[in-house]
J.: 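Provided herewith is a single structure, encoded as structure tokens, for subsequent inquiry.
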Amino acid sequence: MIHVVDATNIHLYAAEMEQAYRLRHDIFVKDKGWSDLRRPDQREVDQFDDEHAVHLLAIQGDDLVGYSRLLPTTRPYLLSSVLPELCDGPAPSAPHIWEWGRICVSDRARISGRRLNPVALALTTGIVEWGLPRGVSRFISQNPTSWLLRLIQLHFRAFPLGLPRVIEGEEIIAVEAGFDERTLRQLWAVRGADRPVLAAA
């Protein structure tokens with residue numbers, strides 16, 4: 001299940017958030033080699049991990065197997081503050097647009113081949129389930145260029161915000177992706193299950 005953690009309940013998820021910060025360090029520093037994020041305590045935490053962030057935790061048993069973070073675009077966020085060169089114009093800003101980032105899946109939950117990872121798919125579904133009842137209908141994300149086609153195949157109305165740039169040896173593109181009930185139906189169809197992925201609040 002995907003657990004939604006924000007400022008109102010983060011005190012209940014102290015152990016899981018600790019796993020999340022360490023997973024982020026493992027993925028982005030050790031695996032991807034993003035040396036600017038390296039920290040001696042092996043925890044990847046940045047200035048956006050504040051009371052405005054919403055964390056999506058994929059939990060199986062007592063273990064965190066996946067993570068991603070949502071940030072409102074109505075205040076400074078990663079694309080607008082750290083990676084503005086990925087946008088041809090001003091970074092989008094509106095209440096119905098949130099930034100989706102720090103997407104990662106633990107080693108033990110990864111699969112080989114071309115099939116979309118089930119944990120990543122559940123995290124993606126979680127965004128739509130979380131967003132639609134709140135009037136959120138778009139997200140911004142910075143990902144490898146191959147993600148653009150995947151998003152379209154999942155029925156997101158995705159388009160690039162600028163040209164790809166090579167960051168830490170990887171070609172990254174900023175994307176804006178719209179979603180609605182049709183997107184949710186497609187995500188459920190691809191998952192092979194029409195029940196929500198979000199854990200009850």
Side-chain angles (χ1 to χ4, degrees), residues 2 4-8 10 17 20-21 23-29 31-39 43-57 66-105 120 123-152 154-180 183:
I2 305 299
V4 178
V5 177
D6 60 19
T8 67
I10 197 168
M17 287 303 302
Y21 297 137
L23 176 62
R24 282 166 43 171
H25 195 277
D26 285 347
I27 298 297
F28 296 107
V29 176
D31 288 1
K32 291 182 174 290
W34 295 5
S35 55
D36 289 348
L37 302 181
R38 184 179 303 280
R39 289 171 51 115
R43 300 167 74 250
E44 198 281 297
V45 181
D46 66 19
Q47 67 269 38
F48 303 108
D49 290 305
D50 58 18
E51 69 274 20
H52 303 284
V54 175
H55 310 272
L56 301 182
L57 309 182
Y67 170 87
S68 63
R69 182 179 68 185
L70 294 163
L71 298 173
T73 61
T74 51
R75 57 192 313 280
Y77 62 103
L78 190 68
L79 180 65
S80 67
S81 302
V82 180
L83 298 168
E85 69 273 17
L86 291 176
C87 263
D88 281 348
S93 175
H96 68 287
I97 306 173
W98 283 58
E99 182 179 65
W100 181 39
R102 292 296 193 259
I103 307 152
C104 44
V105 175
L123 288 166
T124 309
T125 306
I127 298 169
V128 178
E129 291 182 11
W130 174 85
L132 290 178
R134 292 166 175 79
V136 176
S137 59
R138 293 179 173 275
F139 69 74
I140 303 295
S141 193
Q142 304 87 46
N143 289 305
T145 52
S146 59
W147 278 58
L148 180 57
L149 177 58
R150 286 184 181 179
L151 289 171
I152 293 170
L154 292 171
H155 292 190
F156 288 91
R157 295 182 300 284
F159 58 89
L161 293 170
L163 295 175
R165 300 288 183 99
V166 176
I167 299 175
E168 299 281 4
E170 190 170 23
E171 193 173 67
I172 300 294
I173 192 169
V175 171
E176 182 172 332
F179 56 85
D180 56 22
T183 316

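The model shown is predicted, which means the values in this text are computed figures rather than measured ones. In what follows, residues are counted from 1 in the order of the sequence shown.
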J.: Are any of the side-chain heavy atoms of V54 and V5 separated by less than 4.5 Å?
T.: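 No - every pair of side-chain heavy atoms lies 4.5 Å or more apart.
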
J.: Rounded to the nearest 0.5 Å, how far apart are CD1 of I127 and CZ of F179?
T.: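 Answer rounded to 0.5 Å: 7.0 Å.
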
J.: What pairs with L163 under side chain to side chain contact (heavy atoms under 4.5 Å, CB included), at least two apart in sequence or on another chain?
T.: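 Counting only residues at least two positions away or on another chain, L163 forms no side chain to side chain contact (heavy atoms under 4.5 Å, CB included).
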
J.: In chain order, what residues pass the ring pair (Phe, Tyr, Trp, His ring centres under 6.0 Å) check against Y77, with sequence neighbours excluded?
T.: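 Here no residue qualifies.
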
J.: For residues A53 and L71, report the shortest heavy-atom separation together with the two atoms involved.
T.: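 A53 and L71 have their closest heavy atoms at CB-CD2, 3.8 Å.
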
J.: Show me the donor-acceptor pairs within less than 3.5 Å that the side chains of residues 88-98 make with the rest of the protein, sequence neighbours left out.
T.:
unit_1	atom_1	unit_2	atom_2	d
S93	OG	T73	O	2.8
W98	NE1	P95	O	3.4

J.: Could you check whether any side-chain heavy atom of I167 comes within less than 4.5 Å of a side-chain heavy atom of L86, counting everything from C-beta outward?
T.: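 Contact flag for I167/L86 side chains = yes.
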
J.: What distance separates T125 OG1 from I2 CD1, expressed to the nearest 0.5 Å?
T.: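 One finds 8.0 Å between OG1 of T125 and CD1 of I2.
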
J.: What is the distance from atom CG of L123 to atom CG of L57, rounded to the nearest 0.5 Å?
T.: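 Between L123 CG and L57 CG, I get 9.0 Å after rounding to 0.5 Å.
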
J.: To check you understand the geometry: which heavy-atom pair defines the closest contact between P144 and I172, and what is its length?
T.: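 In this case the closest contact between P144 and I172 is N-CD1, 3.9 Å.
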
J.: Begin with the C-alpha distance, continue with both residues' side-chain angles, and end with the deciding distance and a verdict on side chain to side chain contact (heavy atoms under 4.5 Å, CB included) for R75 and D50.
T.: CA-CA 12 Å; R75 57 192 313 280; D50 58 18; 3.3 Å; yes

J.: Please round to the nearest 0.5 Å and tell me the distance separating atom OH of Y21 and atom CZ of R102.
T.: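 The OH atom of Y21 sits 11.5 Å away from the CZ atom of R102.
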
J.: May I have the step-by-step check of side chain to side chain contact (heavy atoms under 4.5 Å, CB included) for V82 and Q47, ending in yes or no?
T.: CA-CA 11 Å; V82 180; Q47 67 269 38; 4.1 Å; yes

J.: Please evaluate residues V175 and W147 with respect to the criterion side chain to side chain contact (heavy atoms under 4.5 Å, CB included), reporting the C-alpha separation (whole Å), side-chain torsions for both, the decisive distance (0.1 Å), and the verdict.
T.: CA-CA 9 Å; V175 171; W147 278 58; over 6 Å; no

J.: For F28, check ring pair (Phe, Tyr, Trp, His ring centres under 6.0 Å) against everything at least two apart and list the hits.
T.: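 Residues passing ring pair (Phe, Tyr, Trp, His ring centres under 6.0 Å) with F28: W34.
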
J.: Looking at D49 and R43, is any side-chain nitrogen of the basic one under 4.0 Å from a carboxylate oxygen of the acidic one?
T.: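 So R43 does not pair with D49 through a salt bridge.
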
J.: So, using side-chain hydrogen bond (donor to acceptor under 3.5 Å, both in side chains) as the criterion, who are the partners of E85 when residues are at least two apart?
T.: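 So E85 forms no side-chain hydrogen bond (donor to acceptor under 3.5 Å, both in side chains) with any residue.
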
J.: Taking all non-hydrogen atoms of both residues, which atom of L56 and which atom of G126 are closest, and how far apart?
T.: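 So the two residues come closest at CD1-C, 4.3 Å.
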
J.: Between the main-chain N or O of F156 and the side-chain N or O of T183, is there a donor-acceptor pair closer than 3.5 Å?
T.: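 No, T183 side chain to F156 backbone: no donor-acceptor pair under 3.5 Å.
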
J.: Taking the side chain from E99 and the backbone from L78, do they hold a donor-acceptor pair closer than 3.5 Å?
T.: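 Indeed, once roles are kept as given, a pair shorter than 3.5 Å links the two residues.
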
J.: Check whether any side-chain heavy atom of I103 sits under 4.5 Å from a side-chain heavy atom of N143, and report yes or no.
T.: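 Of all side-chain heavy-atom pairs linking N143 with I103, at least one is under 4.5 Å.
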
J.: Is there a donor-acceptor contact under 3.5 Å from the side chain of H25 to the main chain of R39?
T.: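 Yes: the side chain of H25 pairs with the backbone of R39.
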
J.: Between I27 and C104, what is the shortest heavy-atom contact and its length?
T.: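 Minimum heavy-atom separation between I27 and C104: CG1-CB, 3.5 Å.
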
J.: To the nearest 0.5 Å, what is the distance between CD1 on I173 and OG on S141?
T.: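 The OG atom of S141 is 11.0 Å from CD1 of I173, to the nearest 0.5 Å.
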
J.: Minimum heavy-atom separation for P164 and E171, please, with both atom names.
T.: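 Distance-wise, the nearest heavy atoms are CB-CG, 3.5 Å.
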
J.: Could you work out, with ring pair (Phe, Tyr, Trp, His ring centres under 6.0 Å) as the rule, every residue matching Y67, not counting sequence neighbours?
T.: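 Counting only residues at least two positions away or on another chain, Y67 forms a ring pair (Phe, Tyr, Trp, His ring centres under 6.0 Å) with H55.
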
J.: Taking all heavy atoms of P160 and all of L148, pick out the closest pair and write down the distance.
T.: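 Reported closest heavy-atom pair: CD-CD2, 4.2 Å.
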
J.: Measure the OG-CD distance between S35 and E168 for me, rounded to the nearest 0.5 Å.
T.: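 Between atom OG of S35 and atom CD of E168 there are 4.5 Å.
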
